[in-house]
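Encoded as structure tokens, the structure appears first; notes follow it.
Residue numbers count from 1 along this sequence. Ligands are counted one by one from 1 in listed order, and the atoms in each one are counted from 1 as well. Bear in mind the structure is a predicted one, so any value in this text is a computation, not a measurement.
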Amino acid sequence: RKIKMASIIEKYKDRVSTLPKHTSWIKHPLYKYEGFWFHQGFWFHSEASFSVEVVMALQEEFVAQPTNVFLATYPKSGTTWLKALAFAIANRTMCKGSNPTHPLLTTNPHYCVPFIETEPFLTNPCYNNDLLATHLPYTLLPKSVISSNCRIVYVCRNPKDVFISFWHFVNKLLSDDMSPEMKLEDAFELFSKGVSPNGSCWDHVIGYRKASIERPDKVLFLSYEEMKKDPKSEVKKLATFLGYPFEEGDGEIEEIIKLCSFKKLREVSKANKDGHKAIPNDAFFRKGEVGDSVNYLTPEMIEVLDKITLEKFNGLDISF
Ligand code: A3P
């Protein structure tokens, strides 16, 4: 496994060395590739996942199948929730009668839908799953994703909540690694400048939003806030887009919403000791609320982030 990843890192070494570089939220720098920031090489717990070399390798080698559906997000925008919902919808016969062996009741949704940028996916050619996930920006997706007309579901979230969720997530990883915490002010400085993994967060959203306007039959654009406010309507939309529309009144939607709820998924993740080697299962379930960022950000920080959001999303009809 490591050999293949190591060869990817080696192959793109020279190209990466020419990229603009910036200090980052952990001791490893970020590199700017085609307008977005990524880590390099084996940057965290010897993981090469999500690194810039992997992005380059995917662009050159990944061949999407027309049946693939990509679940795309900026990190901390509701990826885990979207994975759970899409998996439950696509495998819905498993949900019947609160089946205790349903994968979502025994494992983390990240094991049900793999990220294409991760090591297990890249090094396991036998992976055969129509549902795939990615944090790649739209413009950096491998060309075959677009040319094969694959469907894409994107979930966006208010950048203020994304930032606070990200900051907590990073500090959880750092504390498990016995490293000092990242200060909120330092994280804010980088995030608001657009220097964050797979960022800027705003440009990430814009790429998919524009694509959803241009190709609405292929790109479904959802928001975390709408999903919280009216899960039934949003899950219905998702199911129809995935090709598994719900029959009215048989209680199936409610069952899936409950199975994929924050409370249920967190309960399962706590009971499941079979975690990722670098990221503990429960790191993906913190509060699951809309607007928690006000409890951490200063009024000045809120003003800065709101101003960027207003300017960047102007005319794109994105509401939180
Ligand atoms: P908070 O840190 O604000 O609680 P991602 O899955 O993209 O990493 O995003 C993580 C965020 O989604 C975290 O936000 C997490 O608590 C929240 N989340 C995870 N599962 C959820 C669910 N089933 N419903 C709502 N929010 C969920």
In chain order, what residues pass the side-chain hydrogen bond (donor to acceptor under 3.5 Å, both in side chains) check against [X], with sequence neighbours excluded?
X	value
Y208	none
E267	K264
K232	E254

Quiz prompt | Sidechain N-carboxylate O distance under 4.0 Å for E225, K228 | solution = no
Exercise. Let me see the working for I206 and F313 under side chain to side chain contact (heavy atoms under 4.5 Å, CB included), right down to the final yes or no.
Key: CA-CA 7 Å; I206 290 170; F313 294 172; 3.8 Å; yes
Quiz item: Hey, which residues fall under 4.0 Å of ligand 1 on heavy atoms?
Solution: K76, S77, G78, T79, T80, W81, R157, S165, Y224, C260, S261, F262, L265, F284, F285, R286, K287, G288
Self-check item: Heavy-atom side-chain proximity of Y31 to V55 below 4.5 angstrom
Solution: no
